[in-house]
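Structure record follows, encoded as structure tokens.
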Amino acid sequence: MLEITRIRTEKEAIIEGLKKRNLDVTETLDQILAADANWRSAKTSLESISAELNVLAKEIGDLFKQGKQDEANAAKAKTADLKNKEAELKAKVDEYEKEITQLLYTIPNVPNELVPAGKNELDNETVFEFGEKRTYDFEPLAHWDLAKKYDLIDFELGVKVTGAGFPFYRGKGAKLQRALISFFLEEAEKAGYEEFIPPLMVNEASAYGTGQLPDKEGQMYHMQVDDFYMIPTAEVPLTNIYRDVILPSEDFSIKLTGYTPCFRREAGSYGKDVRGLNRLHQFDKVEIVRIEHPTNTAKALEEMLEHVKGLLEKLGLQYRILRLCGGDTGFASALTYDFEVYSAAQDKWLEVSSCSRFDTFQANRLKLRFKNADKKNQLCHTLNGSALALPRIVAALMENHQTPEGIVIPEALRKFTGFDIIN
RNA sequence: GGAGAGUUGGCAGAGUGGUCGAUUGCGGCAGUCUUGAAAACUGUUGUACCGAGAGGUACCGGGGGUUCGAAUCCCUCACUCUCCGCCA
């Protein structure tokens with residue numbers, strides 16, 4: 001959520017910036033500013049009436065104490081009118097506040113200067129490429145066929161026990177999964193991230209904190225009886241650790257990581273790229289989260305990109321990095337880089353990581369602040385990225401490392417799998 | 001699932017209708033003293049909003065109510081803890 005103070009002072013810049021998302025928020029901002037002006041004037045009147053009433057109440061108390069009952073009762077009569085006015089103004093203030101909040105919820109984050117204008121994924125910029133397309137001297141299989149051939153993943157069993165999008169991993173498939181998680185966590189730890197195992201369900205306040213609510217309500221599984229939400233990513237519990245926190249100084253750089261399963265309803269996306277591991281309702285992911293001083297955000301994002309690059313290179317995967325255009329950048333993000341690995345067997349690029357900076361957008365909702373040099377509370381910046389999402393990595397590993405003899409496990413992973421080939 | 005007790009400032013913990021944004025202790029910050037440190041002493045120390053400022057308003061788990069006046073009384077919701085039961 002954008003800060004109202006920012007809208008007051010940087011209206012034009014916000015309008016200009018959001019054009020890159022093909023949005024014209026001029027009207028919305030004008031509505032907000034009008035409501036804000038109304039709010040302030042109502043608020044000022046309300047407060048002066050409250051002040052009057054406070055004075056009167058004190059006087060009445062004193063009169064009673066001095067035993068001047070009559071005078072006290074006379075003074076009481078005077079308050080009635082003021083109390084009516086107070087109630088009236090209070091209602092107005094509440095109404096304006098609600099209006100402002102509603103409108104603020106509709107405005108996405110302002111794209112960073114690096115973000116290109118654009119409508120959809122076709123307008124994303126490729127900023128980095130690594131590796132060569134693999135060639136095969138045999139007919140390569142897609143991962144869903146490999147999964148069956150080597151008994152690694154059972155999709156049908158998942159359908160039986162739960163439903164589509166909830167596969168079973170079995171045998172070496174399960175071990176590979178576990179190995180990747182361990183590998184990613186170990187790399188994150190080496191890079192200075194502290195590991196957490198967070199809750200997999202969160203309360204409503206947390207879902208609001210990172211912005212899943214109110215926009216993406218339908219995308220989360222909701223436990224209605226207890227009013228909990230299954231996490232769609234570890235970002236939610238990890239970032240919410242710092243909800244309502246004021247860091248004591250401006251000397252901080254917080255780096256968190258955690259492995260969790262992620263749960264997504266994926267409502268409305270049936271039929272599109274859903275084959276095999278490409279899109280699941282439950283999948284595993286190691287997430288990295290950072291909380292930074294605003295001056296360090298750009299550097300932090302660079303570090304995250306380097307970290308993810310290292311992971312993919314150690315796994316021997318061909319990949320590219322995209323800088324998302326305005327139209328493709330997530331609601332809360334100011335700048336997002338996607339990592340895609342190339343799947344030769346599917347002849348497709350698969351998204352395996354998304355690294356974003358949110359600047360103050362999340363921190364504002366989270367009320368995550370730090371004391372700056374002037375002893376003032378200032379909003380922190382938050383960032384996060386996948387490092388990495390497992391299913392498509394597994395798909396790419398299987399497809400790209402397949403040989404007639406079996407699927408070769410990359411060197412870096414062998415100490416975690418305990419085997420070097422799946423056959 | 002049953003029964004009970006709680007929720008107050010960074011923490012601990014007072015406060016049952018007005019002088020309470022809130023006693024006190026600890027912690028934090030600044031200073032005095034000291035070669036330095038500790039101790040001791042003194043002062044200071046929440047958040048948000050409105051206002052150019054002076055200043056004002058709100059916040060004692062959330063919401064509502066009673067009252068001229070609520071941390072304090074009433075209603076309601078949420079959460080936490082303890083005991084019993086069940087259980088990984």
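Here is how names work: the chains are called A, B, and so on, in the same order as the sequence lines, proteins then strands, and each is numbered from 1.
Within 6.0 Å of atom CD in A:Glu186, more than 12 heavy atoms from other residues, nucleotides or ligands are found, so the atom counts as buried in its surroundings. At most 12 heavy atoms of other shown residues, nucleotides or ligands fall within 6.0 angstrom of atom NZ in A:Lys92.
Taking atom CG on A:Leu56 and atom C1' on B:G69, their separation rounds to 11 Å, with Å as the unit. Atom NZ of A:Lys58 and atom P of B:C20 are 8 Å apart (whole Å). The NZ-C1' distance, from A:Lys83 to B:G69, rounds to 9 Å in whole Å. Atom NZ in A:Lys367 sits roughly 12 Å away from atom C1' in B:C59 (whole-Å rounding). One interatomic measurement links the two molecules: CG of A:Asn84 to P of B:C68, which rounds to 12 Å at whole-angstrom precision. Summarising the geometry, the separation between CG on A:Asp94 and P on B:G63 is reported as 10 Å, rounded to the nearest angstrom. Distance, A:Arg243 CZ to B:G61 C1': 14 Å, rounded to whole Å. Atom CD1 of A:Ile49 and atom P of B:A58 are 12 Å apart (whole Å).
If you take atom C1' in B:G15 and the same atom in B:A70, they sit 13 Å apart, rounded to whole Å. Comparing B:A14 with B:G21, their C1' atoms sit 15 Å apart, to the nearest whole Å. Look at the P atom in both B:U76 and B:U8: the space between them is 22 Å, to the nearest Å. The separation of B:G28 from B:U16, taken at their C1' atoms, amounts to 33 Å, rounded to a whole angstrom. B:G6 and B:G13: their P atoms are spaced 13 Å apart (whole Å). B:A5 sits 26 Å from B:C20 when the C1' atoms are compared, rounded to a whole Å. Annotation: B:A12 and B:G27 have their P atoms spaced 15 Å apart (nearest Å). Spacing between B:G25 and B:U35 at atom C1', rounded to whole Å, works out to 33 Å.
Of the options A:Asp338, A:Thr336, A:Asn109, A:Asn124, a side-chain contact (heavy atoms from CB on, under 4.5 Å) to A:Thr329 is made by A:Thr336 and by none of the others.
Taking the six-membered ring where the residue is Trp, A:Phe263 and A:Tyr221 present perpendicular rings, their angle passing 60° and hence far from 30°.
Under the 4.0 Å criterion applied to side-chain N and carboxylate O atoms, A:Lys148 and A:Glu156 are assigned as salt-bridge partners.
Judged by the 6.0 Å and 45° rule, A:Lys172 forms no cation-pi pair with A:Tyr150.
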(request) Mark up nucleotides 46-57 of chain B, 5' to 3', with B wherever a protein heavy atom is under 4.0 angstrom from a base atom, S wherever such an atom reaches only the sugar-phosphate, and - elsewhere. (result) -SSBBS----BB
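Judged by distance alone, the side chain of A:Arg357 and the main-chain N or O of A:Leu383 form no donor-acceptor pair under 3.5 Å. Judged purely by atom type and a 3.5 angstrom limit, A:Ser353 uses its side chain to pair as donor or acceptor with the backbone of A:Ser386. The backbone N or O of A:Val115 lies less than 3.5 Å from a partner atom in the side chain of A:Lys20, making a donor-acceptor pair.
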(request) Report the secondary structure of RNA chain B in dot-bracket form, marking unpaired bases with a dot and bases paired to a different strand with |, and treating Watson-Crick or G-U pairs with both distances under 3.5 Å as paired. (result) ((((((((.[[[..)..(.....]]]((((((.......))))))(((((....))))).[[[[[..)....]]]]])))))))....
Let me check something: any side-chain donor-acceptor pairs from residues 98-106 of chain A under 3.5 Å, sequence neighbours excluded? List them with distances.
| unit_1 | atom_1 | unit_2 | atom_2 | d |
| --- | --- | --- | --- | --- |
| A:Thr101 | OG1 | A:Glu97 | O | 2.8 |
| A:Thr106 | OG1 | A:Leu103 | O | 2.6 |

